[in-house]
Amino acid sequence: MNTGAPYRYNHIQVEITSRCNLRCRTCLYFYFEPQWVPEDLSETAFRQLCGVAPACRSIHLQGWGESLLRNDCTALIRRLAKEGTRVSVGTNGTIMNPDVAGALIRSGLDSMTFSIAGASADQQDPLRGRGSFDRAMQAVRIFSEARGDGRKPPIVVNYLLTPDSLKSLHRAIILCSRLGVDILHPTRMVHIATRFQEILADCQPTFVDRWAVFRARLAVLWSGVTLTMPSLKKNLVPVCEKNPIENLFVGADGSVSPCVYLNPPLNGSYPRIFGGQQWPSSRLVMGNLNRNRLDDIWNRQRYKQFRKAFGDRLQIYQQLMKGITPDFEGMERLQKTSDRLASLFTTRHQAPGPCRICPHLQGL
């Protein structure tokens, strides 16, 4: 159990399996299946995670695969929870029944995340497969009912934003309210590898879209659902929401990486599309838990330099933004500061190479 000592790690995302039972058109698996490596996280790597869990604020069991395909998922949660860290798990909602729901709740789970790609079968099924939306909704309903009146652990729904699903955001809030969902978290597509995905990710803030967001915020007022809305407008940020300064990702092969999007379970190179251009990419791996201690990997010079690049960006951001007041003078200063930061972040204080072509760094 944690004894009150400072956390060494804020949040670790863990891919306990890269196997998946869906072939979503929004995922790399659909397009690069011959390169995909389906495997489960080893006991050696998991024991390492249990060892650092007391020094970690939270651990989320989800990567590129479907976590509930592992029959021992609840046992893994229980082992981590015993170490005193907060544990959450994510699922595509295709595997759920009252027994599974009960086992998850009893395991010590701190929150449960479901993922959907629209507010109806018409929106999701063309992307994730026929019947996937109805199965996901049934899974949420089963888990919500299994919690009883205590509504614990809380239910989070990740809602993929596409040009169609954005317009239905208010419907998703109403649906989530009826199902007992606590938090609706709209997300943008991050890893874009094909023209089709590029079109899906193009959620420009038109008048119709702004009206859709306004209706969604109105729906929140009476729904009881918390909406965590991302920006619809590009805005270069010092550090993305994945925050690699404090957080990290462990792949199913035991590989340690700063972020899930930098470490898909693929052999060889793969494309990423950013700014209308295609960029050849490969996995960014700092070490492997099957061979090295996490603390040793974290303290490698290459990894420290990666984190320092973001730390420097955050420091300069905080320095320049300090003292800006909420008045007309402050607005003028804010604009000048924003312009200067944009210049610094694209020249002297650039992010590490692979992160420069990530929508998250644009605040999306």
Side-chain angles (χ1 to χ4, degrees), residues 2 5-20 28-29 32 34-67 69-73 75-85 87-90 191 242-270 280-311 352-355:
N2 193 282
Y7 290 105
R8 289 202 303 277
Y9 310 103
N10 180 58
H11 177 72
I12 300 179
Q13 183 175 350
V14 182
E15 182 179 62
I16 56 175
T17 183
S18 57
R19 294 180 290 123
C20 193
L28 293 174
Y29 205 160
F32 305 103
Q35 294 175 241
W36 198 269
V37 183
E39 61 183 311
D40 292 352
L41 188 72
S42 71
E43 174 62 21
T44 297
F46 192 78
R47 278 201 305 268
Q48 278 228 50
L49 292 169
C50 289
V52 301
C56 181
R57 190 179 300 276
S58 62
I59 294 179
H60 182 60
L61 304 183
Q62 183 185 27
W64 294 83
E66 169 51 42
S67 299
L69 282 176
R70 285 198 58 156
N71 295 329
D72 61 348
C73 182
L76 299 180
I77 294 168
R78 192 177 302 110
R79 288 171 63 183
L80 290 170
K82 279 184 177 179
E83 300 297 335
T85 191
V87 187
S88 57
V89 67
H191 207 302
K242 288 296 183 182
N243 189 10
I245 298 175
E246 300 179 309
N247 306 333
L248 61 99
F249 172 71
V250 177
D253 61 351
S255 56
V256 175
S257 182
C259 170
V260 60
Y261 299 115
L262 297 178
N263 191 17
L266 291 172
N267 280 326
S269 63
Y270 50 88
S281 301
S282 57
R283 302 169 68 199
L284 178 64
V285 174
M286 298 296 184
N288 195 292
L289 295 186
N290 290 308
R291 296 183 292 273
N292 311 107
R293 294 173 62 249
L294 179 56
D295 288 352
D296 293 339
I297 296 171
W298 184 256
N299 289 308
R300 285 178 175 172
Q301 188 62 28
R302 177 177 173 230
Y303 205 166
K304 289 197 288 188
Q305 286 298 115
F306 184 98
R307 298 196 303 275
K308 184 178 183 299
F310 281 110
C355 297

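The minimum heavy-atom distance between Cys20 and Trp64, with the atom names listed, is CB-O, 4.5 Å. When all heavy atoms of Val285 and Arg302 are compared, the closest pair comes out as O-NH1, 2.9 Å. Pairing each heavy atom of Phe310 with each of Pro352, the nearest pair is CE1-CD, 3.4 Å. Ser67 and Thr17 make their closest contact through CA-CG2, 4.1 Å (heavy atoms, listed as atom of the first residue, atom of the second, distance). Considering all non-hydrogen atoms of both residues, Asn288 and Ile297 come closest at N-CD1, 3.5 Å. Nearest heavy atoms, Cys259 versus Phe249: C-CB, 3.7 Å.
In this structure, Arg47 pairs ionically with Glu43, as a charged nitrogen and a carboxylate oxygen lie closer than 4.0 Å.
Taking the side chain as every heavy atom from C-beta outward, Ile16 and Cys73 approach each other to under 4.5 Å. The side-chain heavy atoms of Leu294 and Leu248, taken from C-beta on, include a pair separated by under 4.5 Å. Counting heavy atoms from C-beta outward, Leu61 and Ser88 have side chains that stay 4.5 Å or more apart. Contact of the His60 side chain with the Val87 side chain is not registered, since no non-hydrogen atoms from C-beta on lie closer than 4.5 Å. Side-chain contact check for His191 versus Tyr270: some heavy-atom pair is nearer than 4.5 Å. Between Leu266 and Val37 the shortest side-chain heavy-atom distance does not fall below 4.5 Å. Counting heavy atoms from C-beta outward, Lys304 and Lys308 have side chains that stay 4.5 Å or more apart. Using a 4.5 Å heavy-atom threshold, the side chains of Pro258 and Leu284 count as touching.
Note: Glu246 CD to Cys56 SG = 11.0 Å, rounded to the nearest 0.5 Å. The structure places SG of Cys50 at 4.5 Å from CZ of Arg79, a figure rounded to the nearest 0.5 Å. Taken to the nearest 0.5 Å, the CG atom of Leu262 stands 8.5 Å off from the CE atom of Met286. The OG atom of Ser42 sits 8.0 Å away from the CG atom of Leu289 when rounded to the nearest 0.5 Å.
Judged as a side-chain contact (heavy atoms from CB on, under 4.5 Å), and not counting sequence neighbours, the contacts of Arg293 are Gln48, Asp295, Asp296.
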Take Val52 and Ile12, measure what side chain to side chain contact (heavy atoms under 4.5 Å, CB included) needs, and give me the verdict at the end.
-> CA-CA 10 Å; Val52 301; Ile12 300 179; 4.2 Å; yes
Given the rule in the side-chain hydrogen bond (donor to acceptor under 3.5 Å, both in side chains) test, do Asn290 and Thr44 qualify, once you have shown the distances and angles that lead to the verdict?
-> CA-CA 6 Å; Asn290 290 308; Thr44 297; 4.7 Å; no
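Remark: Arg307 is positioned above the aromatic ring of Tyr303, its terminal NZ or CZ atom under 6.0 angstrom from the ring centre and at most 45 degrees off the axis.
Each ring pair (Phe, Tyr, Trp, His ring centres under 6.0 Å) pair with one or both residues in residues 36-56, not counting sequence neighbours, appears once here: Tyr29-Trp36.
Checked by atom type and distance alone, the side chain of Ser269 never pairs as donor or acceptor with a backbone atom of Ser281 at under 3.5 Å. Between the Arg19 side chain and the Gly65 main chain, no donor and acceptor come within less than 3.5 Å of each other. A donor-acceptor pair under 3.5 Å links the side-chain atoms of Arg70 to the main chain of Leu41, judged by distance alone.
Within a 6.0 Å radius of CG in Asn299, more than 12 heavy atoms belonging to other residues, nucleotides or ligands are found.
Under the side-chain contact (heavy atoms from CB on, under 4.5 Å) test applied with Asn263, the options Gln13, Arg283, Glu15 reduce to a single match, Arg283.
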